[in-house]
There are 2 protein chains.
Amino acid sequence: MQKSMEKRLESAGWRVGDAADFLELTDEETAFVELKLALADYLRDIRVKHGWTQTYVARVISSSQSRVAKMEAADPSVTVDLLVKSLLALGASRLEVGRVIARAA
Amino acid sequence: MQKSMEKRLESAGWRVGDAADFLELTDEETAFVELKLALADYLRDIRVKHGWTQTYVARVISSSQSRVAKMEAADPSVTVDLLVKSLLALGASRLEVGRVIARAA
DNA sequence: TGACAGTATGTCAGGTCTGATATAACTTGA
DNA sequence: TCAAGTTATATCAGACCTGACATACTGTCA
C-alpha cells in the first residue's frame, strides 16, 4: 500500500500505523474504505467542477455544510447510503455511481 | 415502469399504486431503490450459486438468518452499507460491486 | 492587518439500523 | 401426512448515523 493511501485512510478516521498495525484491517475492510473514498472523491469532484460551495450542496441534498465536509473526507460517521443518495441528488446516474465504485483501486 | 418492477418495489416496502401515487417517488429515490435491489439480487445469486443457506451466510458475515432474508428482499431496514459489506465478506470484489450497481436499470 | 467566504472539526438529541430472538410459512422427502 | 430444513416476518434494545449548531481553521483580497 502506498503512503498516500495510508494518509487518506488515516484522515478518514482509520488508524494506519506500521506494518503490524496495518494488519488489523482485513481485505474486506480495506476494500470497503477504498470504495467510500472513491465516492467521497467523486462527490468533491462534481462539486468543484461546478464551482459549488459545500453550503450550496448541503442545501440541494437537504443536509448541512459540516456533513458535506465529512462526506468529502469519507469520515467514518458517513455511510455509503448517504454518499450514494447525495450523488444521485446532485444528478449523477446509477451507472455513474457504479463506475466510480468499479474504478481500479 | 414494468409491473414486475413495481412488484419488487412493493415487496421491498415501497408503496407503488396507480400512476399518481407513483409520482411520489422521485427519480433519485427510484434510482436508489433499484440500486439496492440490484445488490440484493446479486447477494442471493451468489448464495444460491454456491448452494449456501441463509444461515450459513449469516455466520460468514457475522449476522443473523433473518437479516440475510431482509437483505435479499431489499427490505427498507437494510442499508447499502450492509449489502456492500456482506458482498465483500462473501468474496466479491469492489469491481464486481461496481459492475452490479452500474448494470442498466 | 482585518474582514470575509469557504472549509474543517467537535458535539449531541433524535431518529435509524443492527443482530438477536421468536415464530410463521414454505419445501421436500419418506 | 409428518418431520426436518429452509426462508420469511415481527419485534426490540442497543448501537450507530444524521442534521444542526458552534466554533476553529484556511485562504484571499484590500
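Below, chain A is the first sequence line, B the second, and so on; all start at residue 1. Model, not experiment: these values are computed from the prediction. Side chains are part of it too, since the values below use all heavy atoms of this structure and drop only hydrogens, waters and symmetry mates.
Remark: P of D/dT6 and CD of B/Glu72 are 14 Å apart, rounded to the nearest angstrom. Distance, B/Asp75 CG to D/dA8 C1': 11 Å, rounded to whole Å. Protein atom NZ of B/Lys36 is 13 Å distant from nucleotide atom P of C/dT16, rounded to whole Å.
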Using a cut-off of under 3.5 Å, enumerate the N/O to N/O pairs linking the protein to nucleotides 20-23 of chain C.
unit_1	atom_1	unit_2	atom_2	d
C/dA20	OP2	B/Ser63	O	3.3
C/dA20	N7	B/Ser64	OG	3.2
C/dT21	O4	B/Ser66	OG	2.6

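Between B/Tyr56 and B/Trp52, the angle of the ring planes lies from 30° to 60°, which puts this pair in the tilted group.
Heavy-atom contacts from other residues, nucleotides or ligands closer than 6.0 Å to CG of A/Asp45 number more than 12.
Within residues 46-57 of chain B, no residue places a heavy atom under 4.0 Å from DNA chain C. Of the residues in residues 77-88 of chain B, those placing a heavy atom less than 4.0 Å from an atom of DNA chain C are B/Ser77, B/Val78, B/Thr79, B/Leu82, in numerical order.
Distances shown here put every side-chain N or O of A/Arg59 at or beyond 4.0 Å from the OP1 or OP2 atom of D/dA20.
A/Glu96 contributes atom CD, which lies 8.0 Å from atom CG of A/Leu87 (distance to the nearest 0.5 angstrom). Interatomic distance, OG1 of B/Thr53 versus CZ of B/Arg47, reported as 7.0 Å (0.5 Å rounding). Here the CG atom belonging to A/Leu39 is positioned 9.0 Å from the CG atom belonging to A/Leu43, to the nearest 0.5 angstrom.
A/Asp81 contributes no side-chain N or O that, together with a main-chain N or O of B/Thr79, makes up a donor-acceptor pair within less than 3.5 Å.
Looking at heavy atoms from C-beta onward, A/Arg103 lies in side-chain contact with A/Tyr42 at the 4.5 angstrom threshold. At least one side-chain heavy atom of B/Lys36 sits under 4.5 Å from a side-chain heavy atom of B/Leu83. Side-chain contact between B/Val68 and B/Ile61: present, with at least one pair of heavy atoms (C-beta onward) separated by less than 4.5 Å.
Follow the hydrophobic side-chain contacts under 4.5 Å out from A/Phe32 and you reach B/Val60 in the same cluster.
In this structure, the side-chain contact (heavy atoms from CB on, under 4.5 Å) partners of A/Lys70, at least two apart in sequence or on a different chain, are A/Arg67, A/Asp75, A/Ser77, A/Val78. Remark: A/Arg44 pairs with A/Glu72 by the salt bridge (Lys or Arg N to Asp or Glu O under 4.0 Å) rule, at least two apart or across chains.
Looking at B/Glu29, B/Glu34, B/Glu28 one by one, the single match for salt bridge (charged side-chain N to carboxylate O under 4.0 Å, His left out) with A/Arg94 turns out to be B/Glu34.
One axis for each end of the helix from C/dT1-D/dA30 to C/dA30-D/dT1, each built from five base pairs, and the angle between them comes to 40° at 10° resolution.
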